[in-house]
2 protein chains.
Amino acid sequence: MDDIDRTLVLRLQQDAGQSYAALGTAVGLSAGATHERVRKLRERGVIRRTTIDVDPAAVGSGVLAYVMVDSNAWMGESGDDFAAIPEIQEAHIIAGSASVLVKVRTASTEQLQDVLRRLYAIDGVSGTHATVVLETFFERPLPL
Amino acid sequence: MDDIDRTLVLRLQQDAGQSYAALGTAVGLSAGATHERVRKLRERGVIRRTTIDVDPAAVGSGVLAYVMVDSNAWMGESGDDFAAIPEIQEAHIIAGSASVLVKVRTASTEQLQDVLRRLYAIDGVSGTHATVVLETFFERPLPL
DNA sequence: GCAGGTTGCCGAATTTTGTTCGGTCTGAGG
DNA sequence: CCTCAGACCGAACAAAATTCGGCAACCTGC
């Protein structure tokens with residue numbers, strides 16, 4: 001993981017569709033060597049997958065909210081319960097007064113309410129506190 | 001935006017590296033027609049870009065925290081101030097007692113503390129409340 | 001009902017890129 | 001000094017992206 005690898009990761013974050021030739025030029029390597037570098041980055045798990053960035057509003061998920069989930073039991077094994085709710089985009093165990101923090105995207109506030117209902121149905125969940133996002137300043141890739 | 005488009009977006013989220021031929025087979029179209037569909041999805045902004053998913057821990061961002069930022073002024077024009085802190089991955093204006101919610105990734109809790117210091121330096125920021133993530137259950141693409 | 005225009009698709013031609021491979025260079029370890 | 005492993009280059013080869021002519025379905029306004 002040297003500077004070249006970091007540059008490659010950075011450039012691929014910005015545009016994963018560019019050619020290995022262009023990528024190689026940017027770091028001073030041939031297309032073949034660049035290909036090999038990227039292959040190893042995948043192999044090592046630094047690059048998990050190549051994907052696309054989708055406009056949430058364009059696919060019917062215009063409402064974004066973060067929900068603090070309170071519980072009266074150990075939630076460490078409940079990952080699958082949260083994963084079963086498709087509107088949940090992220091779920092984390094957190095330190096602090098709440099137990100779990102989830103990121104939810106829905107088409108409407110009515111659907112958000114329905115997600116809250118389904119959260120309550122999970123074993124151990126004793127309460128929720130939803131924070132609705134009014135405007136997103138930005139969402140961007142990791143720093144390097 | 002019909003079912004075919006939705007399937008294309010879904011499949012590309014899972015693997016943006018597959019060929020148009022494979023993609024076309026999955027939806028019952030030729031490679032050429034598939035290419036044209038995807039081109040239009042980009043043109044319309046449904047697909048914003050193609051990127052890679054990077055393991056945060058592998059690039060020195062093993063600590064994840066969400067920070068509620070309190071303010072005593074209108075923060076609607078302060079997006080650039082937050083964007084100037086590279087460790088901030090997301091920043092949103094929120095409804096509720098706090099004004100802004102930011103997602104922060106750092107290499108250590110010391111660096112997290114330094115980010116909090118820089119947050120306080122932003123005009124109008126009157127307080128912060130950081131929530132450290134202990135374990136991430138999952139982070140996944142948008143529901144289709 | 002139909003002429004003209006539009007859209008979406010196919011399939012093949014063409015160009016560009018991905019992928020593989022032999023050979024060279026360099027640095028580490030013995 | 002010798003040998004091995006790793007990284008790179010450049011060229012050859014395979015595969016994919018991209019373009020394009022032609023066809024059919026579908027509007028739309030006469």
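Scope of the values below: all heavy atoms of this structure, side chains included, with no hydrogens, waters or symmetry mates. Reminder, nothing fancy here: chain letters follow the sequence lines and each chain counts from 1. Values in this document were obtained by computation on a predicted structure and should not be read as measured data.
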Item checked: I93(B)/V133(A) under side chain to side chain contact (heavy atoms under 4.5 Å, CB included): CA gap, chis, key distance, verdict -> CA-CA 6 Å; I93(B) 299 224; V133(A) 170; over 6 Å; no
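Among residue pairs with one or both ends in residues 5-28 of chain A, those qualifying as ring-ring contact (aromatic ring centres under 6.0 Å, His included) are Y20(A)-H35(A); sequence neighbours excluded. The salt bridge (charged side-chain N to carboxylate O under 4.0 Å, His left out) contacts involving residues 4-28 of chain A comprise D3(A)-R6(A), D5(A)-R37(A), D5(A)-R44(A), where partners must be two or more places apart or lie in separate chains. Screening residues 49-70 of chain A for ring-ring contact (aromatic ring centres under 6.0 Å, His included) gives Y66(A)-Y66(B), Y66(A)-H92(B) as the qualifying pairs, with residues at least two apart or on separate chains. Residue pairs meeting the salt bridge (charged side-chain N to carboxylate O under 4.0 Å, His left out) criterion with at least one member in residues 82-91 of chain A, sequence neighbours excluded, are E87(A)-R118(A), E90(A)-K103(A), E90(A)-K103(B).
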Every protein N/O lying under 3.5 Å from an N/O of nucleotides 5-9 of chain D:
from   : atom 1 : to     : atom 2 : distance (Å)
dA7(D) : OP2    : K40(A) : NZ     : 2.8
dC8(D) : OP1    : R37(A) : NE     : 3.4
dC8(D) : OP1    : R37(A) : NH2    : 2.7
dC9(D) : OP2    : S30(A) : N      : 2.6
dC9(D) : OP2    : S30(A) : OG     : 2.9

Are there any protein N/O atoms within less than 3.5 Å of an N/O atom in nucleotides 23-28 of chain C, and if so, which ones and at what distance?
none

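Listed by residue number, there are no residues of residues 6-18 of chain A with a heavy-atom contact under 4.0 Å to DNA chain D.
Taking atom NE2 of H35(B) as the reference point, atom P of dG11(C) lies 18 Å away to the nearest angstrom. Rounded to a whole Å, the OH atom of Y20(A) is 17 Å from the P atom of dA15(D).
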List the atom pairs, donor and acceptor, that lie under 3.5 Å between side-chain atoms in residues 51-63 of chain A and the rest of the protein, sequence neighbours left out.
from   : atom 1 : to     : atom 2 : distance (Å)
T51(A) : OG1    : Q13(B) : O      : 2.7
D55(A) : OD1    : A57(A) : N      : 3.2
D55(A) : OD1    : R48(B) : NH2    : 3.2

Can you list, pair by pair, the side-chain donor-acceptor contacts under 3.5 Å of residues 68-77 of chain B, counting residues two or more places apart and other chains?
from   : atom 1 : to     : atom 2 : distance (Å)
S71(B) : OG     : A73(B) : O      : 3.1
S71(B) : OG     : S99(B) : OG     : 2.7

May I have the list of side-chain donor-acceptor pairs in residues 23-34 of chain B shorter than 3.5 Å, sequence neighbours left out?
from   : atom 1 : to     : atom 2 : distance (Å)
T25(B) : OG1    : A21(B) : O      : 3.0
S30(B) : OG     : A33(B) : N      : 3.2
T34(B) : OG1    : S30(B) : O      : 2.7

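Among all heavy-atom pairs drawn from F82(B) and A91(B), the shortest one is CB-CB, 4.2 Å.
A rotation axis mapping the C1' atoms of four pairs onto the next four is fitted at both ends of the helix from dG1(C)-dC30(D) to dG30(C)-dC1(D) over five pairs, and the angle between these axes is 40° to 10 degrees.
The pair K40(A)-E43(A) does not count as a salt bridge, with every side-chain nitrogen at least 4.0 angstrom from each carboxylate oxygen.
Checked against side-chain contact (heavy atoms from CB on, under 4.5 Å), E110(B) has the following partners two or more places apart in sequence or in another chain: S108(B).
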